[in-house]
Amino acid sequence: MQKQLELRLTGSGGQGLITAGIILAEAALKDNKNAIQTQSYGPEARGGASKAEVIISESDIDFPKVTLPNMVLSLTQVACNKYITDISEDGIIIVDETLELPEGLTASKVIKAPILRTARTEVGKEIVANIVALGLIVGLSNVVTKENLEKAILARIPRGTEDLNKMALQKGYELAKNY
Amino acid sequence: MQKQLELRLTGSGGQGLITAGIILAEAALKDNKNAIQTQSYGPEARGGASKAEVIISESDIDFPKVTLPNMVLSLTQVACNKYITDISEDGIIIVDETLELPEGLTASKVIKAPILRTARTEVGKEIVANIVALGLIVGLSNVVTKENLEKAILARIPRGTEDLNKMALQKGYELAKNY
Amino acid sequence: MNQPLVENYFRTDKLPHIWCPGCGHGIIMASIARAIDKLKLDKDKVCIVSGIGCSSRAPGYMDFNTLHTTHGRALAFATGVKLANPELEVIVIAGDGDLSAIGGNHLIHASRRNIGLTTICFNNNIYGMTGGQYSPTTPTHDKGTTAPYGNIDKPFDITKLAVGAGATFAAKGTVYHVNQLDKYIESAIKHKGFSLVEAISICPTYYGRKNKKGSVVDMMNFLKDSFVDHKVAEKLPPEKKQGKFLMGEFVNVEEPEYTELYDQIIEMFK
Amino acid sequence: MNQPLVENYFRTDKLPHIWCPGCGHGIIMASIARAIDKLKLDKDKVCIVSGIGCSSRAPGYMDFNTLHTTHGRALAFATGVKLANPELEVIVIAGDGDLSAIGGNHLIHASRRNIGLTTICFNNNIYGMTGGQYSPTTPTHDKGTTAPYGNIDKPFDITKLAVGAGATFAAKGTVYHVNQLDKYIESAIKHKGFSLVEAISICPTYYGRKNKKGSVVDMMNFLKDSFVDHKVAEKLPPEKKQGKFLMGEFVNVEEPEYTELYDQIIEMFK
Amino acid sequence: MAENRENLTIHIKEDWCKGCGICIAFCPKQVLGFNENGKVTMLDRENCIKCGMCQMRCPDFAIFLGGKEDV
Amino acid sequence: MAENRENLTIHIKEDWCKGCGICIAFCPKQVLGFNENGKVTMLDRENCIKCGMCQMRCPDFAIFLGGKEDV
Amino acid sequence: MSKTVKFLQGNEACVEGALMAGMRFYSGYPITPSTEIAELSAERLPRLGGKFIQMEDEIGGIAAAIGASLTGVKAMTATSGPGFSLKQENIGYAALAEIPLVIVNVQRGGPSTGLPTAPGQGDVMQAMWGTHGDHPVICLTPDSVKETFDLTVRAFNLAEKYRTPVILLTDEITGHMREKIEIPEVSEIEIFNRIRPEAGSDYKAYRVEEGDIVPKMADFGAGYRYHVTGLMHDETGFPSNSTQNAQKLMDRLMSKVSDHVDDIVDFEEFLMDDAEYMILAYGGTARTAKAVVKSLREEGVKVGLFRPITLWPFPEKKLLEYTGKIKDILVTELNYGQLKLEVERVVKSACSVRFYGKANGEIITPKELTDIFKEVL
Amino acid sequence: MSKTVKFLQGNEACVEGALMAGMRFYSGYPITPSTEIAELSAERLPRLGGKFIQMEDEIGGIAAAIGASLTGVKAMTATSGPGFSLKQENIGYAALAEIPLVIVNVQRGGPSTGLPTAPGQGDVMQAMWGTHGDHPVICLTPDSVKETFDLTVRAFNLAEKYRTPVILLTDEITGHMREKIEIPEVSEIEIFNRIRPEAGSDYKAYRVEEGDIVPKMADFGAGYRYHVTGLMHDETGFPSNSTQNAQKLMDRLMSKVSDHVDDIVDFEEFLMDDAEYMILAYGGTARTAKAVVKSLREEGVKVGLFRPITLWPFPEKKLLEYTGKIKDILVTELNYGQLKLEVERVVKSACSVRFYGKANGEIITPKELTDIFKEVL
Ligand SMILES: Cc1ncc(C[n+]2csc(CCOP(=O)(O)OP(=O)(O)O)c2C)c(N)n1
Ligand SMILES: Cc1ncc(C[n+]2csc(CCOP(=O)(O)OP(=O)(O)O)c2C)c(N)n1
Ligand code: SF4
Ligand code: SF4
Ligand code: SF4
Ligand code: SF4
């Protein structure tokens, strides 16, 4: 892992990607790393595209915003068009299988994964797509330890949904194995 | 007359002394002099003591406030106590006959005149005491010409009260002869 | 010879007050003191809050916890005082301009919230302190220095406004009808929740002069002749009601009081 | 295929609007356009003024002289527009927060003055734009992000408030009852003097979610089932009235309009 | 403060009286008047019924019913 | 705009439709439904009575009655 | 007195100037010591077909004036400290939306309710910085009744020319004193009216056309159906979140004043030609300073008065011309040294800057100021 | 994560700090990007026996907080630009009447409604000059979530110690970002409570007793029946028109801050020891500056960061210590150069002062700032 990892999670308002960003950052903290999470606000976010950004680093993080992400995730076409504009050359793009990628992107790896479908059909609730996505991201990058990711997830989710979320996480890890 | 003459007219809110100050200044303007009029405001003026100040000068008047008046007039005890504090050594103090003067004043001349009584009994309306006072002041000091004083008065007073005010002015001039 | 009421409830070293001869505000201020005396309130637990205006100078004379705020904001300050310490009996004194012009929003929201404040409006139908501009209660056609050709605004009925906003107690009285005024204020203070007493005052200096209302006594006589209790009025034949203004307790209902409701939330976590 | 109403009265290049799926605000905006169309107003002589809020974004979409002001101040800006040029048909669009929280004072004064402004309140019982804080119209016990334990405030009845302040036209409708809403808005625009139409809207995103009101359709069904015309309600047996909210034209009286009265003063000097 | 009216009488605080005339006009027995300074004065103490209306309506706390001893 | 209903039919502006479902739920004839993108679609044009309620209640100007020629 | 010579208060002269400049709308809320401006406007406006309205508060006062300005009339509002504070939000609105408007603040003793009937000059910095966010500011301050008239006219002209709110910052001294004033004929004064779009033009409400300083401004109701907002917007006037647009708009707003400082800035130099010492004063306090300069000159002291007439933009360039020549600047104002800070910033280390101020409701007397001045000799 | 480590937004940390400092009353009105402060206060306060109220507007928000403070509780209100403008009148009231109070302004892109969801630093001068009249000002600005916590605690302490409203001026950057924060135990932090009079003392509400900095403050309801007013007043608290009294009061108010600058002022010096160049930045922008300083240092450039933590009073003395040693100061902020003016005033001709700013809703990136910085090399 590089000294500083920058991630951008995008989708629509209700998909829980800001929570996913927070969880990821909190897992990093548990790993004794530093993390910063920011997000875009605006009336435009209303029902439209939403963006959460996370920076994870071994040392202090001064500048708080993502400049060139190492990893971008998109769950909706609108978000994908709006936010997958720049990515580091060795970066990874992850989008839901249903999306069309804009042209001319120079990422090292582009992954189209059935994130929404996995959540909907395999876990049974589309609402946990964000956790599936987390599993996929961490499965691919090991940006945080699996142990602490699970802890972080359990600390943020509503009581009574533990099993559901654990399953979603598992499915995400499994997805990762394909890429 | 000196280069710059400073007057202070004091009494209670309803006695028309601010109008008197304005009239005096306007008469000075008609005499081709310069004049500035200022007054004290404040909730305290409400039913309490009121103060109008006039500076008349042949040349420009820069500092607009009276510092050491050459002439102070008082129609009420409260105003007299509050505002007759300082006066130029060659200054003149004019108070209504009913007032007690504070001690230790070093004016060149102190005049107690029946201003209110003259207005009330000889003119018939106490409300024109301010005009009686103007007659008295100008009769004593010639600070403005009588011709222009009358013009200035007639320009400010309500229509229909011309004769009353002319009489008051006349009575003021007559009073002046006594001092 | 001392007057016990004055000695007990006023800061006598600040008296006489700055109000003009015949200004009705002094009458209302005394009425508030009598009501407090009648109710035997603990002086240390009474807080009087006002905005800016002739009327708003009252707290300076009254021997309680007194707060003279910014123009129109008395009810908002008072809301903070009351919510932070519901033990305090908070009484707000406000001119018609203070309460219904610049302060109108706080009036309707305090009414709506039903927070336990007693508001006494010193309504002289004019801005006194600034020298006679028309206020939101100046009757149509009357003059003010800013309405030289007669006011074209329709005046507020402040009592009705507060009721429209949800006030649970609202009464109107006059400085002529002092016995009744005492009672309205007493009931208003006793009332749990927001209460308003609109006390019609007189401003002989500005409103009176501008509108040729005659002497102080004439203005008092006008109040005497034109105000009738709304319950009495109900029974009058129409011709006798003509030109009359209604006074009395218009609304007095019990509803949950704001600070008590808040305390219930706090209780949940105890 | 074009929609004439949309093409004629909206800035189609700005559409689709920013409102959330199912937000009732679009329904009210269309209703205003239909009323304007019905009355055949000259577009160049219509001015739409709003404050700040989701609802207050409406003027940006409407093809008239449009003015998006500061939060709560739409009626004060509009008062200037109307008085300076009474020829203009001035319509004010305001959220419940905009109109009755920060803007409450301007509402009661515009009502009092009876100035010829038509005010359409987009009342979704919440602050939408800032993300779901309770507003002065949030029902008691309901939740907002700033009322996590349930709102303890008593809500305004905005229509009643305006009437208490002197409004000469006041009606209430809902985004479900669109035919009626069209009519209220039409009458309001036709009315000389100040008019208010309180249009009950829905905010599925914040109010709905926070208060478990179900889907957009559920929220519309709630309006359908709970609002009855006040004239119809009069004739219902008590048990049928229970839990119902009243809608309809509540007040519609003629009184001199402010800018006309002012013009009379000007006439005096001509 | 239910004092016995017998022992009460009208007191005037001339310093505070602003001469508005309210007490005089609305005294049911018309026992009050102005003095030469334009302040209130008791003209007819005998006929005063001690109703206290002058006190109630005086805006300046300048007239009131109080114990007789001081008179 | 008193057009003859005969010549009218429902038009859908899919771009503008946000899929709230209001028109579908309150269509008196239940002739509308969602398509796979979650947008409104006409399921049963025959039975549409052209009452225009979908148009009246659509918050997004995405469904409306218009001339038939374009269909 | 010839027919055009009058004896007026500064506040009255302000209204006379406003009417001559073309003010036809006034909306405000009374407050001492500005109230005469409202009162005289109420009396005069309807006689000229104009409108006066007393709003429910000062926020409403400025809001209504902005609304009126949009219909094409020249509008004004006047107030004092507490009201000026309340107007700040909408001053920023008018600046961003580029609404011509004159805002008068007759300064009294602050902060808060302070000394409502006494003079002060404590709102100098507030005139520049009172609202949130950067914004262009033009602020004029007169030292006499006559100049109050002149600057009111100028305030309207600048407002119209630069499409921006202009602040006339007077004080209780000049506002309430009465002085001789010769009122010119309309034909004698220059009056500037906003430039309106020509009929049929392809109107973009916030686009500056070639040769113009600001976008042409159409009257509401004149057939251009445009949009006005307090959000950042593009040339069409519609909200835009584009950072480029925002920067472009802000740069344009700021530079319409900063690029035209020479046109806007005004000041008086009194006996500065050979001066070794400068007294810098403005508004009512400048009268004291002028008296002092005159009397010191009689004593042979080479002192002059520099009087900023535009406080904002501050006459920086002119002041810098003097810093090499003079030994000391004595800044005097009725506050704790507000404009003094700007003077210090401008002159840097070029000469010493001294300060004499007061904030107790009194005005500074010639004697006081003379004594302080002489400390440097 | 140990039990006291949290991952919070700056706005959340503000509430945590406030609660730990003893805040038990919050009144305000929602506005982006400060709203989370209200929302979290609403949730937390009743659990601690405190009170939250959403008022009808921002004016009511600060008014209620002042009222609450008078009863003896620690009170706070939070807002952003437009609301901060509306609060100005009552900020002056609190300053004059000496009411302890914390006012948070989470700055967004202004002026007017501007860019409501974007960061800005355009209210720096407004924090100092926004209300009419001279008045004491304390204004703190954090650059991280942790510091937001710390400075909120400090804001309450200073408010209580100096009996004055204290402004916490944050921005959308720090307000909305989430960062690690270790929350201390109450016992670990210093908490200052206003000094109350002792029972039975001859209490004059506005008299400073020997050894005190400010008058002792009695709670309303505690048996001292005193008077509070926004008019100039004497030691007893009652209005007074005496000019001596007014001057005395104003001098005391102004000097309670100016005499204790050393106690109040705070700043960070980062790699300044051997620096030849200084970047001066604060708040969210200081994060960019720190990143730039670090990377320039790696290149061998002797540059350091000077970060004012108290914007007002400005750390003038400390800055002056550097002016002899360094060649250039680059001030960077999200506005058109507000604090830059103060820097210019302070450093005079001692070294060059450059400026890089933006006011378009974007934050300044390390790359931009590096490029600008290098122009001086
Ligand atoms: C913000 C603000 N605006 C205006 C004023 C000026 N002002 C002081 S009192 C007042 C009105 C007084 O009228 P009212 O409240 O009816 O009380 P009254 O003096 O008649 O008793 C006004 C406009 C002020 N002090 N502050
Ligand atoms: C002076 C000021 N205070 C607060 C805000 C923040 N704000 C913007 S819109 C809004 C409330 C919106 O609610 P409402 O008016 O009911 O309209 P809705 O968004 O629900 O349609 C608030 C509090 C602001 N922009 N300006
Ligand atoms: S001006 Fe009017 S309200 Fe004020 S004190 Fe005098 S009489 Fe009373
Ligand atoms: S937040 Fe609510 S009010 Fe705003 S657009 Fe969405 S649904 Fe409508
Ligand atoms: S009512 Fe009071 S102030 Fe008036 S005359 Fe009688 S005693 Fe004097
Ligand atoms: S009502 Fe409009 S937006 Fe909603 S589903 Fe139907 S067409 Fe789409």
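All heavy atoms count here, side chains included; hydrogens, waters and symmetry mates do not. Chain A is the first sequence line, chain B the second, and so forth, proteins listed ahead of strands; every chain is numbered from 1.
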The single option from G/Lys294, G/Arg287, G/Lys290 passing side-chain hydrogen bond (donor to acceptor under 3.5 Å, both in side chains) against B/Asp62: G/Lys294
Using a 6.0 Å cut-off, check whether atom NZ of G/Lys302 has over 12 heavy atoms from anything other than its own residue. no
According to ring pair (Phe, Tyr, Trp, His ring centres under 6.0 Å), who are the partners of G/Phe270, at least two apart in sequence or on a separate chain? none
Tell me, for B/Ile55 versus chain G, whether the close heavy atoms (under 4.5 Å) come from the side chain, the backbone, both or neither. neither
Would you say that more than 12 heavy atoms from the other residues, nucleotides or ligands in this model lie under 6.0 Å from the CG of G/Asp273, or not? no
Count the heavy atoms of every other residue, nucleotide or ligand shown that sit under 6.0 Å from CD of G/Glu188, and state whether that count exceeds 12. yes
Provide the closest heavy-atom pair for B/Phe63 versus G/Ile364 in the form atom of the first, atom of the second, distance. CE1-O, 3.2 Å
What residues form a side-chain contact (heavy atoms from CB on, under 4.5 Å) with B/Thr121, not counting sequence neighbours? B/Arg117
Is the count of non-hydrogen atoms from other residues, nucleotides or ligands lying under 6.0 Å from B/Glu89 atom CD greater than 12? no
Shortest non-hydrogen contact from G/Phe7 to B/Glu26? CB-OE2, 3.5 Å
Supply the atom-to-atom distance G/Ile173 CD1 to B/Lys65 NZ, rounded to the nearest 0.5 angstrom. 7.0 Å
Show the nearest heavy-atom pair for residues G/Met177 and B/Thr38, with the distance to one decimal. CB-CG2, 3.6 Å
My understanding is that only one of G/Glu179, G/Gln9, G/Arg178 makes a side chain to side chain contact (heavy atoms under 4.5 Å, CB included) with B/Gln37; could you say which? G/Arg178
